[in-house]
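Note that the structure is a prediction, hence the values are computed from the model and not measured. Values below: all heavy atoms of this structure, side chains included; hydrogens, waters and symmetry mates excluded. The first residue of the sequence shown is numbered 1, and numbering continues consecutively from there.
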Amino acid sequence: MNMNIKKNPTIILAPFILLRFLFFFSWIFNMAAAAAAVENTKIPVNVGVVVDLDAPSGKTYLSCIKMALQDFYASHAHFNTRLVLHTRNSNQTVVGAAAAALDLIKNVEVQAILGPETSMQASFVVNLGDEAHVPIVSFSASSPSLASLRSPYFFQVTQTDSYQVKAISSIVKNFGWRHVVPIYVDNTFGEGVIPFLVDALQEVDAHVPYRSVIPPSATDEQIEKELYKLMTMQTRVFIVHMMPHLCSKLFAMANKIGMMREGYVWITTNGAGNRLRSLGPVVLSSMQGVLGVETEVPTTMELTEFKVRWKRQFQQDNPAIIDVYVDVIGLRAYDAAFALALAAEQVGDTSFGFQERNGSFSSTDLDTFKVSQYGPKLAQALSDTRFKGIAGDFSLDCGQLQSSRFQILNVNGDGVRTIAFWTPENGMVKTLSSTNTSILSTSEKYDFGPIIWPGDSLSVPKGWEIPTSGKKLKIGVPVKVGFTEFVKVTQIPSTNTTDVTGFSIDVFNAAVEVLPYALPFEFIPFENPDGTSAGTYNDLVYQVYLEKYDAVVGDITIRANRSLYVDFTMPYTESGVVMVVPIRDTRRKCAWVFLKPLTWDLWLTTFCFFIFIGFVVWVLEHRINEDFRGPPSHQVGTSFWFSFSTMVFSHRERVVSNSARFLMIIWVFVVLVLTQSYTANLASLLTVEQLQPTVTDIKDLLRNGDNVGYIENTFVCEILKQLGFDNSKLKPIKTMEACDEALSKGSAKGGIAAVVDEIPNMKLFVAKYCSKYTMIGPIFKTDGFAFVFPKHSPLVPDLSQAVLNVTEGEKIMNIENKWFSQESKCEDKSTTPRVSSNSLGLESFWGLFLIAGMASILALIIFLASFLYKHRHVLKQSDSRASKWRRVRAMFEIFNDKDISSHTFKSSQQRDGIGGVGDEVKASPNSNWPESPFSYLDHTDKDFVLFEGQQTPSTTSHASPEIVPKIELDIITVQEMHTTPVTDRLA
């Protein structure tokens, strides 16, 4: 036996192997039991899911929610809570969603609800959740109006539609479109975004002239009728805001009736844009050239791997659904479930029960809600949840997901492609870097990627056009009796037609020819059945606001009150209101007309300078010039005579000092200018016709109570009334002839004293009657004549540019010559208006007087300094017996004496010596007055000097013996005055 055992060792090891297998299976069993025990210890949290299980989208969202929980708990197996899903079908109705939510809250007592899908369903379910304190987490309800519910238990885990309006307005702004028509579904989802969209468009100077509303269950006939209505309008830019099913029907019908051709622009919001990639080729074929806004989701490895896993799982669960695509809403559903699981774990083990309302009793289910004890804590935890989800950063602010970026898509062929991005920080950008930050600043105009527009066009549509199937533009024109050069309406009885001509009409036609497109129109006179005007210009402009006219062409002034309800093009005429008054000949025919050439201040200044110049010359010449010596009256007379005689250059007195000669050069030039100017102005006053306006200020008319005329039916009457003119003083004028007649009569005889109107009309009138009237002003500022269009009309910028092109070229000159040249000649060709000749004033000559005055003062300063320096010993006399007054008096006496040392007297002495003692004493050849007594002293001085030291000839016969002693005494006295020191004479 032992031998057998040794020979067969397996017999010995078999029990040990058996024990090992038993131990291994026991360990596996214990581990399974432990795992089951652990699983049994997890805290279940009931969560409801309300989606449309009859539609592929609802199944997609439910699949994403389930996969999110699988992924979450696979990576967080140690968490103590587990979400338990309870799914309900909303049946695509509000009632179905409300019934499902009510069942989940009342019967299942769920702690939160994921869903519902639409904004209309959410608006009711949120109220249920608010009553029961059950958080409602919607991943697809995007209407901004849901924020007005202000429920702390409602969470929009998707971007609200108000975020995307900035991206849409950036597209509109980039291409310069001015008018946009939104087409939206008639429910909470469609209406919620419109106020935000309109505000965003207005910020970029785009306007909404019409809103197209499509019922949620609209038939093809209803859609077709609405689209045909849009075709008759000028706007060609449409923004579509509706869900993909209705959107597909809309574009199919638009393609059928020809609204997907060149010139149209279609932009979809992310309601359809987020699902553009999942649409089939048949649907996309009717959307060629459409631009779509899609919520941008960062491309990551996790997202790519998730899409692969989800599609495989979805195909296994729903084999009948093919070509399925998970959009951003499905990704939001994934993140919503993920966030709810995180929040539930954060709340942890707590009371999951519902509590009865205090004092609540009712027979209806809606009033017998229990209140969740778990809901407030779960809502707070959900608000604080932050993580990086599969669709991007998850962060809630006031229950709303924060704004993210958008992609701008272009439908082309069988797919879509990204042409640009929009970010809240930088607006429209071309590309994004791998780190999801903008690498290109806001793109310039037309700096998108290549865009295929409807009709396979590469050119950017202008955004509007005149409907070819519509009527011509109805353009109203004023009916006038006078001043028809601007607009003239002529009835042609033979053809029963109306011919409209005039300057304004030609300018408008020239501007239309400049436009790069055809603009069919017809002129319709604003008249009564009898052919008279149907109202004022304000009434005519208001017809555009009432949509009776598409535009108004004529001499229409741009006014602030009119611009409140219409738009104006650029003006094509001068601006301003002027006053036309009669002119009269103001030639002076009185005896004192010779004083009118100069003003009184110039006369007075000239007179003062004559006196001042005479005084200065006398000071400079008194000591050295015999012509300025003599008795005081003689010296004053000579000085005045010399000064005033320069006025006619008849002075005969000679000036010998250089200072006086320099001064006289300047003064003679001043006098020359003055006399020539006086002569010219006097001749003009006496011979040339002086035409001046009878009134220069409109306030004078008001003070005098004069009658004032204005062109009939214009706004000028309102301005005159605002100035204070009584209605009885205002006279309407129809024609130029009537205006001339009224002005000729004058206000006193029942006519008018002036006529007030705009510059273009008054220029015509003055050109015709240029010899009788003149324009004063402008007295008011206006912006000129322009063409009138409805508010925000797309034609305004194009026609404004066309008007500028016309007015800056030769066309406007040709048109003006055509209509105004015949009025540019005066009827009375014998006379032409003269510019009034005014009196010359000091302001024209003050420079000359300044130079003459400075020269005179300078000459006086030089003379005074030289005189004081030469006789300084008189002022410095130290003799105390001589007072200061006596010294000053001595200086005046010296000034009054002749300066014997002057070269003028030396020359005279030499001439007298050569002539002999017997020569008679002669007066100055330049003097007009008898010889001064001092001149005799001068001659005796000369004789004394000549015969000094000699014996007087006995043959002297110039004086009798009786006179000689007297002369000798005078000679001695004078000699003593010149030879005796001043100090001795002071003593």
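At a threshold of 4.5 Å between non-hydrogen side-chain atoms, the residues T268 and L291 do not count as touching. A heavy-atom distance below 4.5 Å is found between the side chains of Y334 and F306. In this structure, Y153 and P376 have side chains that are in contact, with non-hydrogen atoms separated by less than 4.5 Å. Side-chain atoms of L340 and L114, non-hydrogen and from C-beta on, do get closer than 4.5 Å to each other. Put simply, the side chain of H86 does not reach to within 4.5 Å of the side chain of V49, judged on heavy atoms. Put simply, the side chain of T269 does not reach to within 4.5 Å of the side chain of V293, judged on heavy atoms. Side-chain contact between Y325 and K307 is present, with heavy atoms from C-beta onward closer than 4.5 Å. Put simply, the side chain of R82 does not reach to within 4.5 Å of the side chain of V45, judged on heavy atoms.
Proximity of a side-chain donor or acceptor of S63 to a complementary backbone N or O of K59 within less than 3.5 Å is not detected. Under a 3.5 Å cut-off, the side chain of S138 and the backbone N or O of A141 do form a donor-acceptor pair. Side-chain atoms of S169 come within 3.5 Å of backbone atoms of V165 as a donor-acceptor pair (strictly under, hydrogens ignored). Side chain of D335 to backbone of A391: a donor-acceptor contact under 3.5 angstrom is found. Remark: the backbone N or O of P461 is paired with a side-chain donor or acceptor of W177 at under 3.5 angstrom. Of the possible polar contacts, one joining the W266 side chain to the M259 backbone as a donor-acceptor pair under 3.5 Å is found. A donor-acceptor pair under 3.5 Å is absent between the side-chain atoms of Y73 and the main chain of H78, judged by distance alone. Without hydrogens or angle criteria, S148 side chain to S145 main chain gives a donor-acceptor distance under 3.5 Å. Although no hydrogens or angles enter the test, the distance criterion places no donor-acceptor pair under 3.5 Å between the side chain of E226 and the main chain of Q222. Checked by atom type and distance alone, the side chain of R275 never pairs as donor or acceptor with a backbone atom of A272 at under 3.5 Å.
Heavy atoms from other residues, nucleotides or ligands lying under 6.0 Å from CZ of R150 number 12 at most. Other residues, nucleotides and ligands place more than 12 heavy atoms under 6.0 Å from the CG atom of N107. More than 12 heavy atoms of other residues, nucleotides or ligands lie within 6.0 Å of NE2 in H76, so this atom counts as buried by the packing criterion.
Rounded to the nearest 0.5 angstrom, T295 OG1 and N274 CG are separated by 4.0 Å. To the nearest 0.5 Å, the span separating CG on D317 from CE on M67 amounts to 8.0 Å. Rounded to the nearest 0.5 Å, atoms CG (L279) and CE (M287) are 6.0 Å apart. We find the CG-OG distance between L230 and S212 to be 4.5 Å, quoted to the nearest 0.5 Å. Rounded to the nearest 0.5 Å, atoms CD (Q156) and CG (L149) are 9.0 Å apart. One finds the CD1 atom of I183 at 7.5 Å from the CZ atom of F251 (value rounded to the nearest 0.5 Å).
For the residue pair N127 and E131, no side-chain donor N or O sits within less than 3.5 Å of a side-chain acceptor on the partner. Side-chain contact check for Q400 and T160: no donor-acceptor pair (N or O, by modelled atom type) lies under 3.5 Å. Between the side chains of N412 and N410, no donor-acceptor pair of N or O atoms lies under 3.5 Å. Counting only N and O atoms by type, the side chains of T418 and Q407 include a donor and acceptor under 3.5 Å apart. Inspection of the Q92 and D52 side chains reveals an N or O donor paired with an N or O acceptor under 3.5 Å. Q164 and N270 share a side-chain donor-acceptor pair at under 3.5 Å. Inspection of the S286 and N255 side chains reveals no N or O donor paired with an N or O acceptor under 3.5 Å. T81 and E345 share a donor-acceptor pair across their side chains, judged by distance under 3.5 Å alone. Under the 3.5 Å distance criterion, with hydrogens and angles disregarded, no donor-acceptor pair is assigned to the side chains of T158 and R332.
With sequence neighbours excluded, no residue forms a salt bridge (Lys or Arg N to Asp or Glu O under 4.0 Å) with E302. For K249, there are no salt bridge (Lys or Arg N to Asp or Glu O under 4.0 Å) partners two or more places apart in sequence or in a different chain. Annotation: salt bridge (Lys or Arg N to Asp or Glu O under 4.0 Å) contacts of E203 (sequence neighbours excluded): K166. Judged as a ring-ring contact (aromatic ring centres under 6.0 Å, His included), and not counting sequence neighbours, F155 has no contacts. E117 meets the salt bridge (Lys or Arg N to Asp or Glu O under 4.0 Å) test with no other residue; sequence neighbours excluded.
For I214 against A218, the heavy-atom pair with the smallest separation is CG2-CB, 3.6 Å. Nearest heavy atom pair, residue S140 against residue I329, reads CB-CG2, 3.5 Å. Considering every non-hydrogen atom in both V126 and S151, the closest pair reads CG1-CB, 3.8 Å. Smallest separation of non-hydrogen atoms from L284 and D414: CD1-O, 3.3 Å. Nearest heavy-atom pair across Y264 and G258 is CE1-O, 4.1 Å.
Taking the six-membered ring for Trp, Y163 and F196 have ring centres at least 6.0 Å apart. Between H241 and F189, the distance separating the two ring centers is shorter than 6.0 angstrom.
Of the residues V51, L401, L331, the one that meets the side-chain contact (heavy atoms from CB on, under 4.5 Å) test with F139 is V51. For the side-chain hydrogen bond (donor to acceptor under 3.5 Å, both in side chains) criterion with S372, the lone passing option out of Q111, K377, E109 is Q111.
A salt bridge is absent between R277 and D327: the closest approach of a Lys/Arg side-chain nitrogen to an acidic carboxylate oxygen does not fall below 4.0 angstrom. Checked for salt-bridge contact, E221 and K225 miss the test: no charged N lies under 4.0 Å from a carboxylate O. Comment: D393 does not engage R386 in a salt bridge, judged by the lack of any side-chain N to carboxylate O separation of less than 4.0 angstrom.
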Apply side chain to side chain contact (heavy atoms under 4.5 Å, CB included) to the pair I105 and I113, showing each step before the final yes or no. CA-CA 9 Å; I105 294 174; I113 294 179; 4.0 Å; yes
Please lay out, stage by stage, how L342 and F79 fare under the test side chain to side chain contact (heavy atoms under 4.5 Å, CB included). CA-CA 9 Å; L342 277 176; F79 279 11; 4.3 Å; yes
Take V47 and V84 through the side chain to side chain contact (heavy atoms under 4.5 Å, CB included) test and state the conclusion after the steps. CA-CA 6 Å; V47 174; V84 180; over 6 Å; no
Start with the C-alpha distance between V193 and S162, add both sets of side-chain angles, then the distance that settles side chain to side chain contact (heavy atoms under 4.5 Å, CB included), and finish with yes or no. CA-CA 6 Å; V193 73; S162 60; 5.6 Å; no
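Note on residues 180-197: no pairs pass side-chain hydrogen bond (donor to acceptor under 3.5 Å, both in side chains), not counting sequence neighbours.
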